[in-house]
Amino acid sequence: MISARMQEAINAQINAEMWSAYLYLSMSLDAQSKGFAGVSHWFRKQYSEEMEHAFKFVSYLESQGAKVNLLPIDAVPGEWSGVVEMFEKTLEHEKKVTSLIWSLCDLAADDKDYATTNFLQYYVSEQVEEEATAFEILEAAKMVEGDKAATYLLDQKLGAR
Ligand code: FEO
């Protein structure tokens with residue numbers, strides 16, 4: 001049994017995960033329009049991953065007999081200056097998501113809600129991976145910036161995700 005405030009916080013997180021999905025879908029579309037098919041593919045996969053994060057929370061609320069409230073999803077930006085900016089914003093956003101997950105952990109601890117604490121460990125680990133991946137690709141994108149051949153190879157690599 002989870003508290004009403006935890007139920008509300010998880011509903012907000014479902015919205016945040018869906019907003020993340022929207023953000024990455026938007027980056028995918030922008031990358032495609034700029035000719036980066038591999039980057040576009042990478043962000044399309046990221047879109048799916050964020051929807052999985054959202055659905056995992058949905059299933060958890062259902063398993064706890066709690067209500068799922070689907071809140072309105074705010075608009076996302078539609079254009080970035082290039083691949084470097086996309087991954088800068090991705091890293092920045094993932095850091096923000098990590099802080100949201102940690103706040104949920106704080107709330108679960110405060111509620112002495114051991115089930116939710118246990119459930120959230122998946123997201124704690126996932127965020128370490130999300131930040132590391134965004135950082136790694138950002139560094140690579142900065143390294144190849146301005147070099148067409150190297151940028152092409154990076155795009156190909158990201159397309160293999
Ligand atoms: Fe759902 Fe990228 O964190």
Side-chain angles (χ1 to χ4, degrees), residues 2 5-32 34 36-64 66-109 111 113 115-142 154-155 157-161:
I2 64 172
R5 65 179 185 165
M6 178 55 81
Q7 180 178 314
E8 195 180 325
I10 292 179
N11 271 307
Q13 189 63 31
I14 290 169
N15 187 265
E17 299 290 347
M18 288 193 173
W19 191 87
S20 301
Y22 256 40
L23 176 69
Y24 296 138
L25 180 57
S26 187
M27 285 185 182
S28 172
L29 296 168
D30 191 37
Q32 188 68 40
K34 289 179 163 68
F36 297 109
V39 174
S40 176
H41 171 81
W42 192 94
F43 278 114
R44 202 71 62 109
K45 287 271 185 183
Q46 194 60 29
Y47 158 85
S48 300
E49 200 168 300
E50 297 302 343
M51 290 304 287
E52 278 174 30
H53 293 169
F55 275 101
K56 211 170 159 68
F57 276 117
V58 167
S59 299
Y60 181 68
L61 282 186
E62 284 182 321
S63 73
Q64 291 280 329
K67 177 130 178 51
V68 177
N69 291 320
L70 297 178
L71 307 167
I73 298 168
D74 289 342
V76 293
E79 197 169 3
W80 292 266
S81 61
V83 176
V84 168
E85 195 193 11
M86 285 179 190
F87 282 97
E88 275 170 354
K89 296 297 181 195
T90 296
L91 181 58
E92 194 179 294
H93 181 63
E94 289 303 330
K95 285 181 177 175
K96 189 178 153 213
V97 174
T98 299
S99 75
L100 294 176
I101 296 295
W102 286 21
S103 294
L104 288 177
C105 292
D106 287 342
L107 190 55
D111 276 357
D113 179 346
T116 303
T117 295
N118 183 50
F119 169 73
L120 288 170
Q121 294 318 298
Y122 162 82
Y123 291 91
V124 171
S125 304
E126 185 72 6
Q127 283 311 120
V128 172
E129 196 186 306
E130 296 268 76
E131 284 189 35
T133 304
F135 177 77
E136 190 186 314
I137 300 174
L138 172 60
E139 290 305 296
K142 285 198 284 198
L154 178 64
D155 188 59
K157 190 180 169 204
L158 294 177
R161 179 182 182 185

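Being a predicted model, the structure only gives us computed values, none of them experimental. In each ligand, atom 1 is the first atom listed, and ligand 1 is the first ligand listed.
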May I ask you to decide if [Y]'s main-chain N or O and [X]'s side chain share a donor-acceptor pair within less than 3.5 Å?
X	Y	result
Ser103	Ser99	yes
Lys34	Trp80	yes
Asp111	Ile2	no

- Task: Look at the N, O or S atoms of Glu126, main chain and side chain alike, and state whether any lies under 2.8 Å from atom 2 (Fe) of ligand 1.
- Result: no

- Message: Taking backbone and side chain together, does Glu130 place any N/O/S atom at a distance below 2.8 Å from atom 2 (Fe) of ligand 1?
- Response: yes

- Query: Tyr122 and Phe57: aromatic ring centres closer than 6.0 Å?
  - Reply: no

- Message: Centroid separation under 6.0 Å, is that true for the rings of Trp42 and Phe87?
- Response: yes

- Specify which N/O/S atom of His53 comes nearest to atom 1 (Fe) of ligand 1, by atom name. ND1

- Query: What is the name of the N/O/S atom in Glu50 that sits closest to atom 2 (Fe) of ligand 1?
  - Reply: OE2

- Whether Glu17 has an N, O or S atom under 2.8 Å from atom 1 (Fe) of ligand 1: yes

